[in-house]
Student: 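This structure is in structure tokens; I'll ask about it shortly.
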Amino acid sequence: MAPETVLAWQKLYGAVTLLAAICSACAALKTCYDIRTGVIRPPQKSVVAWILWLPRVWLHFQLAYFLGFPSILAIGVLYAHYIGFAAFMP
């Protein structure tokens, strides 16, 4: 593989990693906000209720993250277009 091709792939992977980190942080902030505002109410009763509540919070976080995925995909494709699709061919 040509050094230019490797560099293009590294740039694309770096950009998508950064976008995924930003999307994850936004999803975590939204989940925390929803907990604080009472959309997802933490249990008050027992340890078992807390254990059963955690997967619900995780699912809420995952849904928030997956709603940001189309933005990551669109920006990644536009960035690959900016670099030039020919640069990715070995």
Side-chain angles (χ1 to χ4, degrees):
M1 226 188 262
E4 295 83 16
T5 304
V6 173
L7 185 61
W9 279 106
Q10 286 177 342
K11 285 182 180 181
L12 182 63
Y13 279 127
V16 170
T17 301
L18 181 63
L19 289 169
I22 292 169
C23 187
S24 180
C26 290
L29 286 173
K30 181 187 181 309
T31 303
C32 290
Y33 177 77
D34 288 344
I35 290 170
R36 290 184 68 107
T37 58
V39 174
I40 306 172
R41 295 182 187 203
Q44 302 292 331
K45 296 182 181 178
S46 66
V47 176
V48 175
W50 275 95
I51 291 172
L52 294 174
W53 180 70
L54 290 177
R56 190 172 177 187
V57 172
W58 180 252
L59 179 64
H60 191 80
F61 167 77
Q62 289 295 318
L63 289 174
Y65 180 79
F66 286 135
L67 287 174
F69 175 73
S71 299
I72 293 173
L73 183 64
I75 294 171
V77 168
L78 289 173
Y79 188 66
H81 177 68
Y82 172 75
I83 291 173
F85 290 114
F88 295 100
M89 301 301 169

Student: Which heavy atom of V77 sits nearest to which heavy atom of F85, and what is that distance?
Tutor: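 Closest pair (atom of V77, atom of F85, distance): O-CZ, 4.0 Å.
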Student: Would you mind listing the cluster partners of L29? Hydrophobic ones only (ILVMFWY), side-chain contacts under 4.5 Å, chaining allowed.
Tutor: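 Hydrophobic cluster check, L29: no partners found.
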Student: Check whether any side-chain heavy atom of F88 sits under 4.5 Å from a side-chain heavy atom of I83, and report yes or no.
Tutor: yes
Student: Which ring pair (Phe, Tyr, Trp, His ring centres under 6.0 Å) pairs, counting each pair once, include a residue from residues 14-52, with sequence neighbours left out?
Tutor: W50-W53
Student: Hey, could you give me each pair passing side chain to side chain donor-acceptor pair (under 3.5 Å) that has a residue in residues 16-30? Not counting sequence neighbours.
Tutor: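 Passing the test, one end in residues 16-30: K30-D34.
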Student: Taking ring-ring contact (aromatic ring centres under 6.0 Å, His included) as the test, write out the residues that go with Y82, two or more places apart.
Tutor: none
Student: Taking a hydrophobic cluster as the set of Ile, Leu, Val, Met, Phe, Trp and Tyr residues connected by side-chain heavy atoms closer than 4.5 Å, whether directly or through intermediates, do F66 and L19 fall within one such cluster?
Tutor: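 Hydrophobic grouping puts F66 with L19.
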Student: Can L63 be reached from I35 by stepping across I, L, V, M, F, W or Y side chains whose heavy atoms are under 4.5 Å apart?
Tutor: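 Different clusters: I35 never reaches L63 through Ile, Leu, Val, Met, Phe, Trp or Tyr contacts under 4.5 Å.
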Student: If you take all heavy atoms of G68 and C23, which pair is closest and at what distance?
Tutor: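 The pair with the smallest heavy-atom distance is CA-SG, 3.7 Å.
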Student: About how many Å separate CG of L7 and CG of L12, when rounded to the nearest 0.5 Å?
Tutor: 11.5 Å
Student: Please enumerate all residues that pass side-chain contact (heavy atoms from CB on, under 4.5 Å) together with T5, with sequence neighbours excluded.
Tutor: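 side-chain contact (heavy atoms from CB on, under 4.5 Å) list for T5, sorted by chain: M1, A2, W9.
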Student: With sequence neighbours excluded, tell me which residues meet ring-ring contact (aromatic ring centres under 6.0 Å, His included) with Y65.
Tutor: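 Y65 satisfies ring-ring contact (aromatic ring centres under 6.0 Å, His included) with no residue once adjacent residues are dropped.
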